[in-house]
Amino acid sequence: MKKIEKKDLWLLLTQLGVWAIIILSMPLATFLSTQNLHDTKTSLFVVWGILHSPFIIYFLNFYLFGPFLFFRRRYWWFGLLNLITILLLNSPFIMLWFARDRIPHEVNMTSNMWIGFFSGFFMFMLLNCVVAAVAIGIRHFMRTRQIKQQLQDEKAKNTEAELAWLKNQINPHFLFNTLNNISSLCQIDADAAQDAIAQLSDLLRYAMYETNKKTVPIEGEVEFMRNYIELMKLRCNDKTEVTTLFDIKQNIEIAPLLFISLVENAFKHGVSSNKPSKIDIQLLQTNDALIFCCDNTNFPKDDADRSGSGIGLENTRRRLELMYTNRYTWEQKIEGDIYHIRITIINNEL
């Protein structure tokens with residue numbers, strides 16, 4: 001059974017308040033015009049005698065017939081119970097027809113009067129049906145809004161879970177490749193490897209403890225990329241040229257570790273041990289956008305090299321789609337032997 005919440009009580013009180021205004025408006029008008037309590041009381045009894053049936057029909061349909069019959073597609077039961085309820089609530093009118101022979105002759109009910117009486121009765125029955133339809137309509141509107149809200153909440157939860165999963169994919173991927181670089185460095189320069197381990201420790205501390213939020217200050221991201229690039233340059237020889245440009249005018253917020261996979265790919269696919277290599281990385285901030293550009297020489301990996309699986313690239317694009325929907329552009333191409341990627345995020349408080 002559904003637990004009654006505070007909002008359910010407010011909904012009930014609101015509906016009772018609306019019905020109270022409808023029922024009491026005529027007696028209040030009577031009192032203000034006559035200043036007579038007896039006339040006011042009579043007016044209240046008359047109004048209640050007319051509206052008690054629609055009042056009961058409304059709440060029965062809103063809280064019982066609608067949720068348990070109509071919205072469960074038990075339409076026959078819904079229609080039958082509404083008809084029985086309306087007839088029972090208006091039984092005095094029906095009984096009057098069967099007792100018409102007992103009406104005193106002094107009343108002198110003509111045929112036209114009976115036609116008028118039952119025409120009014122028919123219209124009143126129709127009013128009850130309209131009230132039932134209004135109750136179902138309001139309930140349907142609220143039910144639709146609730147379902148849409150639940151779907152939006154569920155979508156938001158799924159998006160948050162997917163973003164967390166994608167970010168968790170970045171950290172092990174980044175750690176795996178960096179440890180490989182340091183392992184190679186240990187055989188060449190032990191002191192440099194030790195410094196690199198200390199630098200890696202700082203990077204991991206940021207990745208583990210500073211990126212738990214949805215967005216982080218871009219200054220921290222820039223510092224992280226600078227340190228990461230310096231660490232990756234240790235694996236490069238004299239034939240590799242690495243240039244960077246970070247032009248950030250204000251400390252805006254950005255998704256954490258958003259571009260690091262692209263920097264990683266540049267070093268994985270843009271460096272050769274025996275050929276001239278070039279990597280150019282830029283992160284620029286304009287008045288209306290944040291632009292990341294990366295150009296590197298292109299040395300395609302063979303099918304046996306799993307380091308070129310493209311997981312980081314796919315994750316980056318998926319994160320952009322989730323966090324910056326319709327607010328980013330993705331440009332990716334190869335011109336000659338240069339691989340180019342450019343991402344532009346429209347600056348809407350990022």
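For the pair Arg319 and Arg317, the minimum side-chain heavy-atom distance is 4.5 Å or more. The side-chain heavy atoms of Thr297 and Phe299, taken from C-beta on, include a pair separated by under 4.5 Å. Looking at Met323 and Lys214, their side chains come closer than 4.5 Å, going by heavy atoms from C-beta outward. Residues Ile218 and Leu283 have side chains in contact (heavy-atom distance under 4.5 Å, counting atoms from C-beta outward). You'll find the side chain of Thr329 stays beyond 4.5 Å of the side chain of Ile343, heavy atoms only. Between Leu313 and Ile341, the closest side-chain pair of non-hydrogen atoms falls below 4.5 Å. Side-chain contact between Tyr206 and Leu257: present, with at least one pair of heavy atoms (C-beta onward) separated by less than 4.5 Å. Looking at heavy atoms from C-beta onward, Phe246 lies in side-chain contact with Arg226 at the 4.5 angstrom threshold.
Remark: the backbone N or O of Gln250 is paired with a side-chain donor or acceptor of Gln285 at under 3.5 angstrom. For the pair Ser33 (side chain) and Phe31 (backbone), a donor-acceptor distance under 3.5 Å is absent. The backbone N or O of Cys236 lies less than 3.5 Å from no partner atom in the side chain of Thr240, so there is not a single donor-acceptor pair.
For the residue pair Asn82/Asn61, the side-chain donor-acceptor check at 3.5 Å is satisfied. Glu223 and Tyr228 are not linked by any side-chain donor-acceptor pair at a separation below 3.5 angstrom, with hydrogens and angles left out of the test. The closest side-chain donor-acceptor pair between Ser53 and Asn128 falls under 3.5 angstrom. Donor-acceptor pairing under 3.5 Å is recorded for the side chains of Tyr58 and Gln15.
Shortest non-hydrogen contact noted between Glu241 and Thr243 is OE2-CG2, 3.8 Å. Cys294 and Ala266 make their closest contact through SG-CB, 3.5 Å (heavy atoms, listed as atom of the first residue, atom of the second, distance). Minimum interatomic distance between Ala255 and Glu221 (heavy atoms only, all atoms of both residues): O-OE1, 4.2 Å. Residues Phe124 and Ile50 come closest through the heavy atom pair CZ-O, 2.8 Å. Pro54 and Leu127 make their closest contact through CG-CD2, 4.3 Å (heavy atoms, listed as atom of the first residue, atom of the second, distance). Across Cys293 and Arg342, no two heavy atoms sit closer than the pair SG-NH1, 3.5 Å.
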Take Leu290 and Ile248, measure what side-chain contact (heavy atoms from CB on, under 4.5 Å) needs, and give me the verdict at the end. CA-CA 9 Å; Leu290 182 68; Ile248 303 300; 4.1 Å; yes

Under the side-chain contact (heavy atoms from CB on, under 4.5 Å) criterion, do Val263 and Ile279 qualify, and how do the steps go? CA-CA 9 Å; Val263 176; Ile279 297 176; over 6 Å; no

side-chain contact (heavy atoms from CB on, under 4.5 Å), that's the test. Do Thr316 and Leu262 meet it? Break it down for me. CA-CA 8 Å; Thr316 300; Leu262 306 179; 4.2 Å; yes

Please determine whether side-chain contact (heavy atoms from CB on, under 4.5 Å) holds for the pair Tyr339 and Asn265, giving the CA-CA distance in whole Å, both sets of side-chain angles, and the decisive distance to 0.1 Å. CA-CA 11 Å; Tyr339 174 85; Asn265 282 342; over 6 Å; no

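Phe65 and Trp77 have their aromatic ring centers separated by at least 6.0 angstrom. Taking the six-membered ring for Trp and the full ring otherwise, Tyr75 and Phe70 have centroids separated by under 6.0 Å.
More than 12 heavy atoms of other residues, nucleotides or ligands lie within 6.0 Å of NE2 in His52, so this atom counts as buried by the packing criterion. In Lys249, the NZ atom is crowded: over 12 heavy atoms of neighbouring residues, nucleotides or ligands sit closer than 6.0 Å. For Glu321, the CD atom counts as densely surrounded, since its 6.0 Å shell holds more than 12 non-hydrogen atoms of other residues, nucleotides or ligands.
Of the inter-residue distances, the one linking Leu64 atom CG with Phe68 atom CZ reads 6.5 Å to the nearest 0.5 angstrom.
The side-chain tip of Arg143 points at the ring of Phe71 from less than 6.0 angstrom away and within 45° of straight on.
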